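Keep in mind it's a predicted model, so treat the numbers as computed, not measured. The basis for the numbers below is simple: all heavy atoms, side chains too, and nothing from hydrogens, waters or symmetry mates. Every chain is numbered from 1 and lettered A, B, ... according to where its sequence line falls, protein lines coming before strand lines.
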There are 2 protein chains.
Amino acid sequence: MISKKTKYGLKALIYLARQYEQGPILIADLARDENIPKKFLESILLALKNSGILQSRKGKGGGYYLGRSPRQITMGQAIRVMEGPLAPVQCVSETAYAKCTECGNENTCGIRLVMKDVRDAIAKIVDHTTLADVLERIAQAELTEKNVVDFCI
Amino acid sequence: MISKKTKYGLKALIYLARQYEQGPILIADLARDENIPKKFLESILLALKNSGILQSRKGKGGGYYLGRSPRQITMGQAIRVMEGPLAPVQCVSETAYAKCTECGNENTCGIRLVMKDVRDAIAKIVDHTTLADVLERIAQAELTEKNVVDFCI
DNA sequence: TTTTTAGTCTACAGATTTAATAGATTAATG
DNA sequence: CATTAATCTATTAAATCTGTAGACTAAAAA
């Protein structure tokens, strides 16, 4: 299960992607609109900024905005910032490899063999899904739902 | 990242699968051979027993053993017992669905749409990988490694 | 240049989860 | 009835998660 921190962060990114190139957005507005504790959100956005995904400006007219286009930001990049590596075990992580302390022979560890497949399957999805893709899927889902509602009426 | 508890549990299951139908195995032996804290292992095995994956016998000649054949125990079943649901967000869990508190409209939530795909990808792997499959892959990996060693000499 | 605005940094604190340990109890065998 | 080995209850230390408070810094406007 992903943490609230990650959920909040992804929500914020989707929110910012929706208003891409419309100038900086205030933390306070984002927190209010998405129902996220403001101080908590601050630290999340800061982490996203330090990783290069977001940029910010201080003072009047300031706020947060995407550091590059929604097409160039993947869910995988964002998730790694907030949740850490995708891999279920560190010995199969591509971005944060480390030997498992419990593990004897890495080449013949059954758990590792399976978890390598799991990691790759997760990465295949989140590293190929951009914020732009997410916006499109949301729009599609909203259309579908609208039709369902119309159908009901 | 999966917890130590889950790693220990999976190690124990693979260990027991290797000796399937050779009678009950002592917690103490398992703990020693796999380098798992004995008391911690006790509680893990008990949970696996309560879920039906393992069976046990008390007293002399007792111990733990697989409740069914290694072909009929999947990694997914075991992981769910120790780690909980596979789904990255509870609103896409097949075995433990619950509405996300942060979520407004579930049908049009972008995070949900992506995480549903992730859950399905994970489930596709772990629900179709049995303990028998893992044993086979280990055997295969050991063969490969042996050849590599031979080649070096 | 002072004031206002809004992000940044430091520190902390409560709640929950993780990873264990200790000891008493129960059930099965011989 | 003694021995064996799983089971149950309780506790604990450490880590992580979630959230809060307040001082600090940079930028813009008055």
### Query
What string of B, S and - do you get for nucleotides 20-30 of chain D, 5' to 3', if B is base contact, S is sugar-phosphate-only contact and - is no contact with any protein heavy atom under 4.0 Å?
BBB--BSBSS-

### Task
Indicate yes or no: does A/Arg137 engage B/Asp117 in a salt bridge with an N to O separation below 4.0 Å.
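Salt bridge present between A/Arg137 and B/Asp117.
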
### Message
Between A/Asp120 and A/Lys124, does any side-chain N to carboxylate O distance fall below 4.0 Å?
### Response
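No, this pair does not count.
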
Within this structure, what is the [atom1]-to-[atom2] distance between [X] and [N], rounded to whole angstrom?
| X | N | atom1 | atom2 | result |
| --- | --- | --- | --- | --- |
| B/Lys5 | C/dT18 | NZ | C1' | 9 Å |
| B/Asp29 | D/dA6 | CG | P | 9 Å |
| A/Lys7 | D/dC17 | NZ | P | 14 Å |
| B/Tyr65 | D/dA5 | OH | C1' | 13 Å |
| A/Glu83 | D/dT16 | CD | P | 13 Å |
| B/Leu30 | D/dA6 | CG | C1' | 14 Å |
| A/Ile44 | C/dG7 | CD1 | P | 14 Å |
| A/Leu16 | C/dG7 | CG | P | 11 Å |

Strictly by modelled atom types, are [X] and [Y] linked by a side-chain donor-acceptor pair under 3.5 Å?
| X | Y | answer |
| --- | --- | --- |
| B/Thr130 | B/Gln72 | no |
| B/Asn105 | A/Glu145 | yes |
| A/Glu83 | A/Thr6 | yes |

Would you indicate what [X] reaches in the nucleic acid, counting non-hydrogen atoms under 4.0 angstrom: base, sugar-phosphate, or nothing?
| X | value |
| --- | --- |
| A/Leu26 | sugar-phosphate |
| B/Ile36 | nothing |
| B/Ile27 | sugar-phosphate |

### Message
With clusters defined by side-chain heavy atoms of hydrophobic residues (ILVMFWY) lying less than 4.5 Å apart, directly or transitively, does A/Leu135 cluster with A/Met75?
### Response
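Looking at the clustering, A/Leu135 is in the same group as A/Met75.
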
### Task
Look at atom NZ of A/Lys11 and say whether more than 12 heavy atoms of other residues, nucleotides or ligands are closer to it than 6.0 Å.
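Yes, enclosed.
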
### Task
For B/Tyr15, check ring-ring contact (aromatic ring centres under 6.0 Å, His included) against everything at least two apart and list the hits.
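Result, ring-ring contact (aromatic ring centres under 6.0 Å, His included) vs B/Tyr15: none returned.
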
### Message
Under 4.0 Å, heavy atom to any atom of DNA chain C: which of residues 85-97 of chain A qualify?
### Response
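When residues 85-97 of chain A is checked for heavy atoms under 4.0 Å from DNA chain C, there are no hits whatsoever.
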
### Message
Under 4.0 Å from OP1 or OP2 of D/dG19: is there any side-chain N or O of A/Tyr8 that close?
### Response
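So the side-chain polar atoms of A/Tyr8 do come within 4.0 Å of the phosphate oxygens OP1 or OP2 of D/dG19, strictly under.
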
### Task
May I ask you to verify if any side-chain N or O of A/Ser3 is less than 4.0 angstrom from the OP1 or OP2 atom of D/dT18?
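Looking at the OP1 and OP2 atoms of D/dT18, one of them is under 4.0 Å from a side-chain N or O of A/Ser3.
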
### Query
Only one of A/Leu66, A/Val81, A/Ile73 forms a side-chain contact (heavy atoms from CB on, under 4.5 Å) with A/Leu54, so which one is it?
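So, applying the side-chain contact (heavy atoms from CB on, under 4.5 Å) to A/Leu54 and each of A/Leu66, A/Val81, A/Ile73, only A/Leu66 qualifies.
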
